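Report on the following structure.
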4 protein chains.
Amino acid sequence: MRHSKTDLAEQIFMATDRLMAKEGLHHLSMHKLAKEANVAAGTIYLYFKNKEELLEQFARRLFAIFMAAVEKDLDESHSFFEQYRQMWWNIWRFLQDNPTMLSNLNQYELLPNLAEICKSVDHSCWDNFCQRAKAAGELVELPNDILFQLGLKTAITIASGSKFLKVELTTEILESVIERTWRAIQK
Amino acid sequence: MRHSKTDLAEQIFMATDRLMAKEGLHHLSMHKLAKEANVAAGTIYLYFKNKEELLEQFARRLFAIFMAAVEKDLDESHSFFEQYRQMWWNIWRFLQDNPTMLSNLNQYELLPNLAEICKSVDHSCWDNFCQRAKAAGELVELPNDILFQLGLKTAITIASGSKFLKVELTTEILESVIERTWRAIQK
Amino acid sequence: MRHSKTDLAEQIFMATDRLMAKEGLHHLSMHKLAKEANVAAGTIYLYFKNKEELLEQFARRLFAIFMAAVEKDLDESHSFFEQYRQMWWNIWRFLQDNPTMLSNLNQYELLPNLAEICKSVDHSCWDNFCQRAKAAGELVELPNDILFQLGLKTAITIASGSKFLKVELTTEILESVIERTWRAIQK
Amino acid sequence: MRHSKTDLAEQIFMATDRLMAKEGLHHLSMHKLAKEANVAAGTIYLYFKNKEELLEQFARRLFAIFMAAVEKDLDESHSFFEQYRQMWWNIWRFLQDNPTMLSNLNQYELLPNLAEICKSVDHSCWDNFCQRAKAAGELVELPNDILFQLGLKTAITIASGSKFLKVELTTEILESVIERTWRAIQK
DNA sequence: TATGAATGAGGTTTCATTCAT
DNA sequence: CATGAATGAAACCTCATTCAT
């Protein structure tokens with residue numbers, strides 16, 4: 001069967017995600033990947049120069065998808081807390097809806113060049129938010145990266161660690177977390 | 001030369017840490033490890049059943065070292081905030097003093113069975129602290145794990161991300177972070 | 001664009017020659033060849049059954065070109081020595097004028113079935129010359145192949161080795177070689 | 001079974017020679033080689049960094065063996081012609097006694113870096129001979145390399161081509177060749 | 001206890017060839 | 001005729017592990 005160029009690359013990306021969730025990054029072999037993606041081993045090399053480049057592009061795609069999810073339904077006319085809350089829930093729901101991504105989160109951090117990729121991509125969403133909220137005097141004057149660690153990052157770490165938790169995470173608890181992390185970064 | 005059992009195992013652990021910092025976990029081969037540790041390839045198998053078990057024990061050791069560092073100079077007669085502050089700085093300084101550990105932080109999360117190891121080890125220090133602080137009505141009633149994510153975990157994530165930051169992290173900024181994360185978890 | 005059958009085959013042959021000179025026979029892949037010849041990979045298989053056959057026909061073409069060059073301006077009315085001298089210079093100049101062929105000389109000998117090809121092609125030129133010269137009592141009675149090795153072959157080996165020589169090869173030296181190899185095969 | 005270091009390297013060299021004779025250089029795979037040498041694939045890489053280096057060392061070894069054979073029983077007190085004759089026969093007999101080498105001769109010329117290897121090795125034997133014979137006024141004043149092409153090289157080319165010859169090469173014919181090539185290079 | 005040569009399964013990548021368009 | 005995406009066998013090479021010493 002013939003595929004459009006994006007079709008097959010996407011097919012390979014999705015297979016990568018599934019395999020990473022199933023067996024982990026360091027058990028990801030090109031042969032297994034080919035099998036999972038229902039293509040021949042050589043075919044992958046028509047779309048990616050080598051394994052390293054495949055993983056790098058995979059990371060870029062992830063990051064883009066993630067950033068898009070964060071911005072979803074964001075309304076700048078709402079209060080800054082509401083906007084923060086929206087982003088926090090966006091991340092949370094996105095990770096709940098994409099369990100493979102959730103279980104891959106640790107692995108993603110190991111992808112080659114992830115740091116460079118993150119920097120090269122536009123952080124516009126969060127940076128934008130921080131700039132506006134600081135200008136309005138609602139956010140403390142700390143570097144944006146740190147504000148991210150204290151704020152939205154908790155949505156990731158808690159989602160990531162939740163499968164090991166004994167207690168169930170109720171909406172009440174999460175709303176409490178949102179409110180308290182907001183307290184940590186507000187002026 | 002003769003070695004006591006612990007000697008050689010420790011030698012191998014240290015070599016593991018150096019190699020992970022230098023080339024990353026997924027380039028860590030038993031041969032390179034043997035060379036770095038100045039032992040023969042076969043010798044490693046006298047101390048560890050296989051690579052997986054070596055890495056698991058390596059993770060256990062890491063965790064123990066880390067937990068010991070967190071507890072250092074902890075004085076229960078101080079105020080809860082002071083105790084929290086002490087632990088936060090303990091983590092921060094420990095990571096500054098152990099740059100290989102810092103640059104390995106991401107890698108550690110990929111070690112096989114890390115999650116199980118963490119759970120199996122006694123979290124006594126933090127759990128203890130939480131229990132006492134909650135009893136004293138100073139800490140909000142949330143699961144201890146979540147409190148950890150909102151609190152001390154920030155010392156790790158910020159230290160880990162600091163090499164990518166443009167701004168320099170002054171003591172003032174860090175004290176601000178401590179104070180604000182405390183605000184997030186206090187009653 | 002449309003091509004006559006010979007056009008495209010010749011285009012492929014020329015691309016083969018260029019690539020062999022540039023990267024060597026054992027780095028010659030059908031894809032690179034297609035690219036160099038500005039045709040699609042599959043197109044080559046319309047003209048040649050497979051790689052082996054392409055190389056074999058390539059060798060035949062080479063041999064034919066070479067033989068034609070040897071015979072050039074050959075005048076049977078001249079003395080046998082003059083005819084020999086003419087052929088020797090023909091070979092020499094041909095190799096100087098076709099540097100890719102010169103740098104491919106070693107490679108050619110590796111082409112599949114070269115030996116069979118050489119035998120199957122008509123040696124008429126040299127055999128002819130030998131026969132006539134022997135009849136005239138000017139050439140020693142040795143097998144023609146051996147006479148070739150002692151005589152004209154030196155034009156090839158010296159041209160081939162000349163790039164490694166420290167000394168420059170003057171016309172004087174070459175004339176001396178011609179005269180002396182003639183001495184080796186004359187009666 | 002255990003081997004001394006040279007044992008196994010030599011075993012691999014000999015297997016290389018056999019396989020080259022049987023299937024040609026460009027069909028020589030490391031797996032087939034391992035099988036032919038009765039070792040595991042990985043074992044070869046304990047002795048040679050990679051295929052290229054294996055072939056280069058193989059070429060060096062060949063060249064050394066060949067040079068040693070040429071010098072055999074060479075007696076400087078004999079006449080120059082006798083010495084020349086001795087070397088010619090040395091080459092001839094050596095190639096008859098080592099049929100794989102003979103059938104590999106073409107292949108050898110394709111070995112990577114052969115040119116560099118030849119230059120880096122001492123040509124002392126032939127250069128020596130030429131120098132002495134020129135000083136004695138017995139050899140024509142031409143570059144030594146050219147004298148080699150006109151002289152001893154014929155032993156190689158004729159041996160190499162002899163399997164394609166229809167006529168049998170008698171001692172008489174070969175002696176004639178020796179005498180005539182000597183004629184070509186003598187003063 | 002310690003060694004390190006040897007193994008061979010499995011890794012990534014290349015490439016001659018096919019076939020639907 | 002001509003294309004070039006797709007194939008998958010086979011290439012080179014690595015590496016966790018064993019075992020005779």
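Predicted model, so just to flag it, every value in this text is computed and none were measured. Throughout, a chain's letter reflects where its sequence line sits, starting with A, and its residues are numbered from 1.
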### Message
Applying a 4.0 Å non-hydrogen cut-off, can you work out what C:Thr43 is touching in the nucleic acid: base, sugar-phosphate, or nothing?
### Response
base

### Message
How close do C:His27 and C:Lys32 get, counting heavy atoms only, and between which atoms?
### Response
O-NZ, 3.0 Å

### Query
Between C:Ala41 and A:Lys32, which is nearer to the 5' end of DNA chain E once each is assigned its nearest nucleotide?
A:Lys32

### Task
Mark yes or no for whether A:Asp17, through its side chain, and A:Thr100, through its backbone, hold a donor-acceptor pair below 3.5 Å.
no

### Message
Counting the atoms with a prime plus P, OP1 and OP2 as sugar-phosphate, which does A:Leu54 contact under 4.0 Å by heavy atoms, base, sugar-phosphate, or nothing?
### Response
nothing

### Message
Ignoring hydrogens, what is the shortest heavy-atom contact between A:Leu95 and A:Leu102? Give both atom names and the distance.
### Response
O-CB, 3.8 Å

### Task
Measure across D:Ala15 and D:Glu36 and return the closest heavy-atom pair with its distance rounded to 0.1 Å.
CB-CG, 3.6 Å

### Task
Under 4.0 Å between any heavy atoms, over every strand shown, what does A:Leu28 touch: base, sugar-phosphate, or nothing? Just pick one.
sugar-phosphate

### Message
From NZ of A:Lys51 over to P of E:dG11, roughly how many Å is that when rounded to an integer?
### Response
9 Å

### Query
Rounding to a whole Å, what distance do you find between A:Gln11:CD and F:dA5:C1'?
13 Å

### Task
Ignoring the backbone of C:Leu46, work out which of E:dG8, F:dA5, F:dT3 is nearest its side chain.
F:dT3

### Message
Expressed as a whole number of angstroms, how long is the span from B:Lys49:NZ to F:dA16:P?
### Response
16 Å

### Rounded interatomic separation in angstrom, taking NZ from C:Lys35 and P from E:dT14
14 Å

### Task
With pairs defined as Watson-Crick or G-U wobble and both distances under 3.5 angstrom, please note down DNA chain E as a dot-bracket string, | for pairing with another strand.
.||||||||||||||||||||

### Task
Please state how far atom NE2 in C:His26 lies from atom P in F:dC12, giving the value in whole angstrom units.
11 Å

### Candidates F:dA5, F:dT14, F:dA11 - which lies nearest the side chain of D:Tyr45
F:dT14

### Task
Starting at atom CG of D:Asn50, determine the distance to atom P of E:dT12, rounded to an integer number of angstrom.
20 Å

### Query
Of the nucleotides E:dA16, E:dT7, F:dA5, which one has an atom closest to the side chain of C:Ser29?
E:dA16

### Query
Between C:His31 and C:Ala41, which heavy-atom pair has the shortest distance, and what is it?
NE2-CB, 4.1 Å

### Summary
Rounded to whole Å, CD of A:Glu53 lies from C1' of E:dT13 at a distance of 14 Å

### Pairwise 5' ranking along DNA chain F for C:Gly42 and A:Ile44, keeping only the more 5' one
C:Gly42

### Task
Measure from the side chain of D:Leu8, starting at C-beta and using heavy atoms only, and say which of F:dT17, E:dT13, E:dA6 lies closest.
E:dA6

## Note on the structure
Of the listed F:dA5, E:dA6, E:dA16, the closest approach to the D:Tyr47 side chain comes from E:dA6

### Message
Measure NE2/B:His27 against P/F:dC15 and give the value in whole Å, please.
### Response
8 Å

### Query
Should the heavy atoms of other residues, nucleotides or ligands under 6.0 Å from CD of D:Glu52 be counted, would the total exceed 12?
no

### Most 5' of B:His31 and A:Ala40 on DNA chain F, judged by nearest nucleotide
A:Ala40

#### Entry: Closest non-hydrogen atom pair, B:Ile12 against B:Leu54
CG2-CD1, 4.0 Å

### Task
Please tell me which of the listed nucleotides, E:dA16, E:dT12, F:dT17, lies nearest to the side chain of B:Met30?
F:dT17

### Query
Is the ring centre of D:Phe13 less than 6.0 Å from the ring centre of D:Phe48?
yes

